[in-house]
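So the structure is just underneath, and the comments pick up after that.
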Amino acid sequence: MPGKIARALDPGVLRRLAAQCPGGIFLVTGTNGKTTTARMLTSMLRRTGRKVVHNRSGANLLGGLTAAFLEYAGWNGRIAADMAVLEVDEATVPRAVLELAPMGAVVTNFFRDQLDRYGELDRTIALVKEGLQGLRDNRLTLLCSDDPLSAGLGEELSGAGASLIYYGLEPGAARDWCVRDQSDHEWAVCPTLAAAREAESLPVANDSESLPIAQDSEPLPTVGIPTAREACFCRACGSPLTYRRRFYSHLGHYLCPGCGMIRPEPDVAADLVSGTALLAFRAGEKSWTARLPVPGLYNVYNALAASAAAWALHIPTDVVAGAIESYAAGFGRMEELTVNGRRLLLSLVKNPVGFDEVLRTVLEEGTGAAAGTGAGVTGAAAGTGAVLGAGATMVIAINDLLADGTDISWLWDVDFERMAVPGAVSSVICSGRRAHDLAVRLKYAGVEPYRFTVETDLMGAVTSGLRLLPEGDGDTLYVLTTYTALLELRADLTNPSRARRFWEV
Amino acid sequence: MSLELNLCHMYPEQMNLYGDRGNLIALVMRARWRGIPVRYHSVGPGEGGDFSGYDICFMGGGQDHEQQLIGEDLVRRKGPDLKAAVEDGLVVFTVCGGYQLLGEYYTMGGGLKIPGLTLLDCRTDAGTRRMIGNLVVSSSFGGTVKTLVGFENHSGRTRLGGEVEPLGRVLKGFGNNGEDQTEGAVYKNCVGTYLHGSALPKNPWLTDVLLLRALERRYGRFDLEPLDDVVEQAAHRVAIRLAGA
């Protein structure tokens with residue numbers, strides 16, 4: 001709000017504030033991972049003693065960017081900072097580049113997200129490209145090798161004189177993480193993966209063209225129906241891409257049999273030390289390791305993106321490693337809160353790919369399948385191993401306001417079917433403006449009807465969820481919410497007087 | 001008599017947007033809850049051309065370049081047989097981009113014209129402003145007047161000819177073109193619509209009409225066992241309220 005007002009009073013305010021950062025401005029954009037990547041990079045820079053402007057709350061439109069600078073501005077309009085690290089909404093990139101004249105940018109990935117705002121994914125990618133073409137010569141552009149959509153920008157930007165740096169996961173990581181085993185059903189009908197499997201002679205779950213998905217022995221009745229996804233096709237020539245390894249969604253090691261386009265070799269690469277949360281990095285002549293304290297493969301990519309940017313900015317590797325190891329998840333990114341002695345994990349969900357990864361992480365923890373594996377970043381999917389616990393207790397809140405995306409169709413591309421696996425969930429409370437749509441989704445995913453209820457009121461749902469937890473410690477309420485529900489819940493949960501009140505309700 | 005239905009997902013790699021998967025899940029589950037197994041088939045570019053074995057065909061939405069990729073394959077390779085099957089009563093359900101390709105043509109924003117199947121008597125031209133938002137429609141497709149709810153997101157303006165009936169009348173939202181209050185198109189058992197959301201799970205009556213017509217075509221007169229739709233009906237009512245219809 002202060003940013004919006006300031007811009008209304010003085011349209012040039014952001015331009016003037018930004019011009020005062022002697023060390024330059026770094027942007028982080030892309031569908032998923034903006035907040036975590038930008039926070040990690042900020043922490044790395046601050047550990048070198050730099051004063052860094054950062055839009056911590058995730059407000060990533062022009063108003064939010066302006067507000068971030070205003071926080072660091074003195075009474076005389078002077079900025080007491082060396083640098084700025086800003087996460088920027090994809091559609092805002094062209095304007096942000098114009099006003100901020102950044103020294104570099106990271107493009108994390110492109111997934112389908114809040115399409116109703118931008119129209120189509122193609123349009124989103126075009127906007128980011130258009131923005132990055134405005135970066136001045138030799139400015140840094142960091143792209144994810146493993147995402148053909150992010151990496152695909154490289155070809156078009158290299159002509160514009162950008163200094164390109166790619167980051168990606170190493171084959172060793174692929175060995176451990178190519179684990180869409182249970183969820184791999186969605187590729188069973190994909191000719192590109194069938195071809196990839198043949199090349200790799202990986203086991204094929206079901207290679208018949210027609211999948212008998214309605215047999216009674218089938219545990220997941222809708223197995224075989226592909227989810228909406230991106231980039232199965234080469235954006236240059238339209239041929240289906242072949243994957244040698246696939247980490248999640250369309251991220252992996254790919255090539256195009258049509259025109260020969262291949263995944264660019266990463267300049268900064270990470271590998272996972274088998275069975276641990278220890279990441280081994282390699283960049284040029286340098287190598288270092290760091291233990292990642294937050295779960296999820298998507299967080300490995302975030303740490304990698306931040307490390308690549310830090311490496312490009314000549315931050316010492318021990319500083320990079322230290323920042324990763326002491327990273328505490330914040331603001332609804334698997335954020336841990338304690339409410340009346342109960343553990344509550346709060347996580348933002350906003351699109352199918354991110355939701356799938358959060359769900360996988362929660363169900364691993366909830367069933368105890370990840371016990372003893374540190375941060376739980378091993379790839380073992382829930383439902384593949386022995387089920388130890390009673391299942392997760394969850395609140396899932398879906399709003400459909402502008403900042404959430406007004407179209408909730410994406411719920412049908414989330415792999416809720418994994419929640420129907422016996423022992424995966426204990427109970428689920430559906431909440432938010434679109435709680436009833438979520439309930440329909442869970443019903444059609446095969447979740448037993450007695451396991452889910454609807455309580456549209458957010459705090460009411462969390463109160464009920466906490467009551468469902470067994471007495472004593474050690475159990476967790478997992479709260480997964482869209483953006484506006486997260487803001488509302490977080491404000492209530494972190495306010496002691498309000499938190500106490502809702503607990504007594 | 002053991003029953004079964006064969007469901008054909010057309011171009012799942014290319015035409016798959018906005019939760020199209022929900023429509024397939026709804027068809028599979030609502031048949032299954034009645035003890036009728038559904039076999040899932042997929043047909044992509046360069047494949048198939050014989051539609052005689054299918055009971056229900058589904059095609060979802062796609063971005064412009066994906067529609068371009070499959071347009072010619074759809075018309076040349078699938079066209080003749082698919083048209084004959086529709087004349088014979090094949091149930092076809094298409095959404096957004098899939099719907100547009102069943103018409104005579106779709107002219108994209110840049111002026112490029114993709115010829116369609118001419119299965120439905122309609123024509124689509126891209127407009128400058130996207131039509132985005134909740135959509136509520138009144139439809140008598142199943143014989144009695146009922147509501148349909150969902151979400152629309154399209155720049156194409158579709159105009160219907162005399163050979164098709166609209167699927168319904170717009171109560172809230174844009175529908176086919178934002179002007180004439182029509183939404184979707186129906187020819188025999190072939191349906192095109194801009195409703196996603198996903199459409200079929202939230203409009204269980206429509207799912208059941210499609211299933212019933214497919215079963216009757218294959219097995220003759222058929223009685224579809226009613227299901228407990230309390231959860232779906234609650235979502236349907238909320239969707240109408242949130243749309244402000």
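Numbers restart at 1 for each chain; the letters A, B, ... are given by sequence-line order, proteins then strands.
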Name the one of A:Asp400, A:Thr406, A:Asp437 that satisfies side-chain contact (heavy atoms from CB on, under 4.5 Å) with B:Leu242?
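Only one of A:Asp400, A:Thr406, A:Asp437 forms a side-chain contact (heavy atoms from CB on, under 4.5 Å) with B:Leu242, namely A:Asp400.
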
A:Glu448, CD: over 12 other non-hydrogen atoms inside 6.0 angstrom:
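It does: A:Glu448 CD has more than 12 such atoms within range.
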
Please check if atom CD in B:Glu4 has more than 12 non-hydrogen atoms from other residues, nucleotides or ligands closer than 6.0 Å.
yes

What are the two closest non-hydrogen atoms of B:Arg30 and A:Tyr444, and how far apart are they?
NH1-OH, 2.9 Å

Contact class of [X] relative to chain A, heavy atoms under 4.5 angstrom:
X: B:Asn134; result: side chain
X: B:Ala26; result: both
X: B:Ala239; result: both

Kindly say whether B:Gly197 contributes a backbone atom to a donor-acceptor pair with the side chain of A:Ser409 at under 3.5 angstrom?
yes

Has the side chain of B:Glu232 got a donor or acceptor atom that lies under 3.5 Å from a matching backbone atom of A:Val440?
no

Which atoms of A:Arg433 come close to chain B, meaning under 4.5 Å heavy atom to heavy atom: side chain ones, backbone ones, both, or neither?
both

Please tell me whether B:Phe151 and A:Trp410 form a close aromatic pair, meaning their ring centres lie under 6.0 Å apart.
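No: the rings miss the under 6.0 Å criterion.
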
Could you tell me which of B:Gln68, B:Lys202, B:His236 has the largest number of non-hydrogen atom pairs under 4.5 Å with chain A?
B:Lys202

Test side-chain contact (heavy atoms from CB on, under 4.5 Å) on A:Trp412 and B:His196 and set out the steps.
CA-CA 11 Å; A:Trp412 291 88; B:His196 62 263; over 6 Å; no

Measuring from atom CD1 of B:Ile25 to atom NZ of A:Lys443, what distance do you get when rounded to the nearest 0.5 angstrom?
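B:Ile25 CD1 to A:Lys443 NZ: 14.0 Å, rounded to 0.5 Å.
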
Working to the nearest 0.5 angstrom, can you tell me the gap between A:Asp413 CG and B:Arg21 CZ?
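Between atom CG of A:Asp413 and atom CZ of B:Arg21 there are 6.5 Å.
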
B:Val231 vs A:His436, test: side-chain contact (heavy atoms from CB on, under 4.5 Å). Steps then yes/no.
CA-CA 7 Å; B:Val231 177; A:His436 289 91; over 6 Å; no

